[in-house]
Amino acid sequence: MKPVRAQDFAERVYDLVRNCPRGKVVSYGGVAALLGHPRAARAVGHALKMLDPDTDVPWWRVINSRGRVSIRGGHGPLLQRKLLEQEGVEFVRDRVDWKEYGWDGGLSG
DNA sequence: GAGATGACGGGCT
DNA sequence: AAGCCCGCCATCT
């Protein structure tokens, strides 16, 4: 058994987000729960925050439990919304419908 | 080691 | 519905 380092947590987040099918979205809490840490939603946000602009992780598919973009300030939220719309995700009242685009963690995509 | 921060979530007012 | 507070976890200073 290889010891689980804190840094690995971020890697697990990236690996899971990479599994998120195109055109779908998942919440921070959802990612955390799938990783075995249902209360580590904030930690997931940190992991994505540390990502580089050249990363291959679809961080934009991760939003908050309200179906809203959590990033504040700058072009961050605008970029995320644009990327999602490019994948077919529709925004209603600046929100995404979970029963329509919500990802349950399975390979349904 | 301790304190503060944040791309969160749920509950209460 | 909108705003405020507390709890949770990982990272940074």
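Proteins get letters first, then strands, A, B, ... in listed order; numbering begins at 1 in each. Nothing here was measured: the structure is a model prediction, and the numbers come from that model.
No donor-acceptor distance shorter than 3.5 angstrom exists from the side chain of Tyr101(A) to the backbone of Val26(A), with no hydrogens or angles considered.
Rounding to whole angstrom units, CZ of residue Arg12(A) and P of dT11(C) are separated by 12 Å. What separates OH of Tyr28(A) from P of dA10(C) is a distance of 17 Å, to the nearest Å. With rounding to whole Å, Arg95(A) atom CZ is found 7 Å from dA2(C) atom P. In this structure, Arg39(A) places its CZ atom 13 Å from C1' of dC6(C), rounding to the nearest Å. Look at CZ on Arg93(A): it is 12 Å from C1' on dA2(C), rounded to the nearest Å. To the nearest angstrom, P of dA10(C) lies 14 Å from OH of Tyr14(A). Protein atom CG of Asn64(A) is 17 Å distant from nucleotide atom P of dG6(B), rounded to whole Å. The CZ-P distance, from Arg68(A) to dG3(C), rounds to 11 Å in whole Å.
Distances from the side chain of Leu48(A) to the nucleotides dA7(B), dG6(B), dG9(B) place dA7(B) closest. Checking dG9(B), dA7(B), dA10(C) against every side-chain atom of His37(A), the shortest atom distance belongs to dA10(C). When each of dT5(B), dC8(C), dG9(B) is scored by its nearest atom to the side-chain atoms of Ser65(A), the top-ranked nucleotide is dG9(B). Closest to the side chain of His46(A), from the set dA10(C), dG9(B), dC9(C), is dA10(C). Looking at the side chain of Ile71(A), the nearest of the listed nucleotides dG9(B), dA7(B), dA10(C) is dA7(B). When the nucleotides dT11(C), dG10(B), dA10(C) are ranked by their closest atom to the side chain of Met50(A), dT11(C) comes out on top.
No cation-pi contact links Arg42(A) to Tyr28(A), judged by a cut-off of 6.0 Å to the six-membered ring centre and 45° from its axis.
Contacts of Ala43(A) with the nucleic acid, taken as non-hydrogen atoms under 4.0 Å apart, include base atoms.
Applying the 3.5 Å distance criterion, the base of dG7(C) shares a donor-acceptor pair with the side chain of Arg42(A).
By the neighbour-count criterion of 12 heavy atoms within 6.0 Å, atom CZ of Arg95(A) is densely surrounded, having more than that number from other residues, nucleotides or ligands. Sparse packing is recorded around CZ of Arg66(A), with 12 or fewer heavy atoms of other residues, nucleotides or ligands lying under 6.0 Å away.
Comment: Arg61(A) engages Glu87(A) in a salt bridge, judged by a side-chain N to carboxylate O separation of less than 4.0 angstrom.
Mapping Lys49(A) and Ala40(A) onto DNA chain C by nearest heavy atom places Ala40(A) closer to the 5' end of the strand.
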